[in-house]
Number of protein chains: 2
Amino acid sequence: MAQSAKNKRDTYHVGNLAPQLLSAAAELLAEVGPAKLSLRAVSERVGVSSTAAYHHFANRTELLSQLAAQGFDELGRVLRQRDDGASLNAKLRGGVRTYFAFARRNPALYQLMFGAELATEDMSPALRIAREAAFGELKQLIAEVLAKPLDSSEVRSAALASWSYTHGLASLVIHGVLQPPAEGGDEAFVMKGLQGLSLLLQVGMNSASER
Amino acid sequence: MAQSAKNKRDTYHVGNLAPQLLSAAAELLAEVGPAKLSLRAVSERVGVSSTAAYHHFANRTELLSQLAAQGFDELGRVLRQRDDGASLNAKLRGGVRTYFAFARRNPALYQLMFGAELATEDMSPALRIAREAAFGELKQLIAEVLAKPLDSSEVRSAALASWSYTHGLASLVIHGVLQPPAEGGDEAFVMKGLQGLSLLLQVGMNSASER
DNA sequence: AAAGAATCTTGACAGCGATAAGATTAAGCC
DNA sequence: GGCTTAATCTTATCGCTGTCAAGATTCTTT
């Protein structure tokens, strides 16, 4: 009669299966990665039949989409909480560091969020919105650093470009192409890259608006 | 008796199956992407039984690895041919443009080269070598732009960082997160990002070696 | 020409996503 | 309360996948 949480888990009707499936899927995702995450394994972990999930999610893709959307929500959240008193460069560095740390903390989730698995044109609207919101946080941060209006063209390119750099670095590290040196850790690694990039652009970008 | 090219393709012994499988796989890769590339489809395209490939490749992963290695070879090749008389910034821009264009031209191959599919610790040595060689070309280019020794720490970080930026941009575009605007095309898109990044780093990186 | 190795096919197995049809429980209605 | 209906979960099954084992065919070597 307790209408919310059902305790009789030995047979049949579980009750609020969807969230249980989602959290089991999140666990498994971290363990085996996005490609090898099977609905059967998720169902088994919850203790339910292999096809039970289909009454709560249209298919595997929808379950993964919701996981990814949760990821973008979380990413947006960590990007939002920043030190308002910080200097401009501290703000920029902090953002990059936070983003990179998120990716490193949740490599499998990050792969799912930015991988090919969900990158179809009929992508879930909720996922698309969550992603845009996360990118919005990023633009907000860049706008503060540049002290320019949020939707100016400079802010957009700069946000896009700094996103590309950080995402690229995270992606290369997560996929084992690069590995941050043991000494100094990720922090120093990311910052050194930023410095290298700064130097390079100083040398190689002194003609402003060609073309 | 012609020992190299066998023409009797109606039955049995095909002869030099491996390259045929590879090129069929390359075609299919471009059509369906790395995740959905099945050995059965490859075999069928060549006109051979589903398990024939196992006499030339240990498993699916090895076939994909060879495809990816070919990709890195090609990438290294296009990066190597650059205009020696160009200015520093033209050289840098040219490299970025070439790299990005390669990724755009072969999105599925690029996904395979940098995706999770082959990113295991027991990765094929040949693939690892091919990847290192391609990165070597990149470092070479950056060394020229910076006019510094090839294995200096500045060149390494700058190469790594510019790679991260370009890879990140390519990755975001290929996975549908960003899309280059119709007007101007990829070229302008990439360059605008570089400018945005340059501006941002000017503003946000004025303290050199903080910790 | 015979023997052995290389190459390709047939047959089979387990795991996957997904659908259809049936069993069980909950909720709504009188 | 009891009946009806909808929601939930299970069982059975399909087609597809990678992979292995065993047999058939062809090439190579002697």
Side-chain angles (χ1 to χ4, degrees), chain A residues 1-22 24-25 28-29 31-67 112 116-118 120 122 124, chain B residues 1-22 24-25 28-29 31-67 112 116-118 120 122 124:
Chain A
M1 282 68 174
Q3 86 281 12
S4 62
K6 242 63 223 312
N7 298 34
K8 39 179 2 186
R9 38 180 54 103
D10 41 317
T11 42
Y12 245 87
H13 271 209
V14 176
N16 75 329
L17 226 198
Q20 292 191 48
L21 287 172
L22 275 174
L28 273 172
L29 173 62
E31 296 172 15
V32 305
K36 293 191 175 176
L37 178 60
S38 81
L39 284 190
R40 290 174 130 99
V42 172
S43 303
E44 190 183 12
R45 175 157 301 199
V46 174
V48 99
S49 93
S50 3
T51 61
Y54 286 90
H55 293 264
H56 303 270
F57 304 92
N59 47 37
R60 192 186 104 113
T61 299
E62 187 181 320
L63 205 171
L64 292 183
S65 293
Q66 295 199 17
L67 282 184
L112 179 64
E117 200 107 29
L118 306 177
T120 60
D122 61 320
S124 144
Chain B
M1 279 67 172
Q3 86 281 14
S4 60
K6 240 66 222 307
N7 298 34
K8 41 178 5 184
R9 37 181 54 103
D10 40 320
T11 42
Y12 245 86
H13 271 209
V14 177
N16 75 327
L17 226 198
Q20 292 191 48
L21 287 172
L22 276 173
L28 273 173
L29 173 63
E31 296 172 16
V32 304
K36 292 191 176 176
L37 178 60
S38 81
L39 283 191
R40 289 176 131 98
V42 172
S43 303
E44 191 183 12
R45 174 157 303 200
V46 174
V48 100
S49 93
S50 5
T51 61
Y54 285 90
H55 293 265
H56 302 271
F57 305 92
N59 46 38
R60 191 185 106 113
T61 300
E62 188 182 319
L63 204 172
L64 292 184
S65 292
Q66 295 199 16
L67 283 184
L112 179 64
E117 200 108 30
L118 305 177
T120 60
D122 62 319
S124 146

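Excluded from the calculations below are hydrogen atoms, water molecules and symmetry mates; all remaining heavy atoms, backbone and side chain alike, are included. It should be emphasised that the depicted structure is a prediction, and the values quoted were computed from it without experimental measurement.
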| query | How many Å lie between OH on Y54(B) and P on dT10(C), as a whole number? | reply | 17 Å

| Between residues 58-66 of chain B and DNA chain D, which residues have a heavy-atom gap below 4.0 Å? | N59(B), R60(B)

| field | Flag if over 12 foreign heavy atoms under 6.0 Å of CD, E31(A) | value | yes

| Residue L39(B), side-chain atoms from C-beta onward, closest of dG18(D), dG17(C), dC8(C) | dG18(D)

| query | Counting distance only, does the side-chain N/O of N16(B) pair as donor-acceptor with the main-chain N or O of P19(B) below 3.5 Å? | reply | no

| query | Taking CZ from F57(B) and P from dA6(C), how many angstroms apart are they, rounded to a whole number? | reply | 17 Å

| said: Do T61(B) and S65(B) have side chains that approach each other closer than 4.5 Å (heavy atoms only, starting at C-beta)? | reply: yes

| Rounded to the nearest 0.5 Å, what separation is found between the OG atom of S49(B) and the NE2 atom of H55(B)? | 7.5 Å

| request: Nearest whole angstrom, please: distance from the C1' of dG17(C) to the NZ of K36(B). | output: 12 Å

| field | Side-chain donor/acceptor of R40(B) to backbone N/O of T51(B), under 3.5 Å | value | no

| request: Identify, between R40(B) and L17(B), the residue whose nearest nucleotide on DNA chain C lies closer to the 5' end. | output: L17(B)

| task | Please work out if S38(A) contacts a base, only the sugar-phosphate, or nothing of the nucleic acid, heavy-atom cut-off 4.0 Å. | result | sugar-phosphate

| Within this structure, what is the CD-to-P distance between E117(B) and dG18(D), rounded to whole angstrom? | 10 Å

| Out of dT19(D), dC8(C), dA12(D), whichever nucleotide has its closest atom nearest the side chain of T51(A) | dA12(D)

| Side-chain heavy-atom pair L22(B), F57(B) within 4.5 angstrom cut-off | yes

| said: So, OP1 or OP2 of dC8(C): does either fall under 4.0 Å of a side-chain N or O from H56(B)? | reply: yes

| field | Separation of atom NE2 in H55(A) from atom P in dA20(C), rounded to whole Å | value | 12 Å

| note | Taken to the nearest whole Å, CD/E44(B) to P/dC8(C) is 17 Å

| Heavy-atom pair with the smallest gap, counting every atom of R60(A) and P34(A) | NH2-O, 3.7 Å

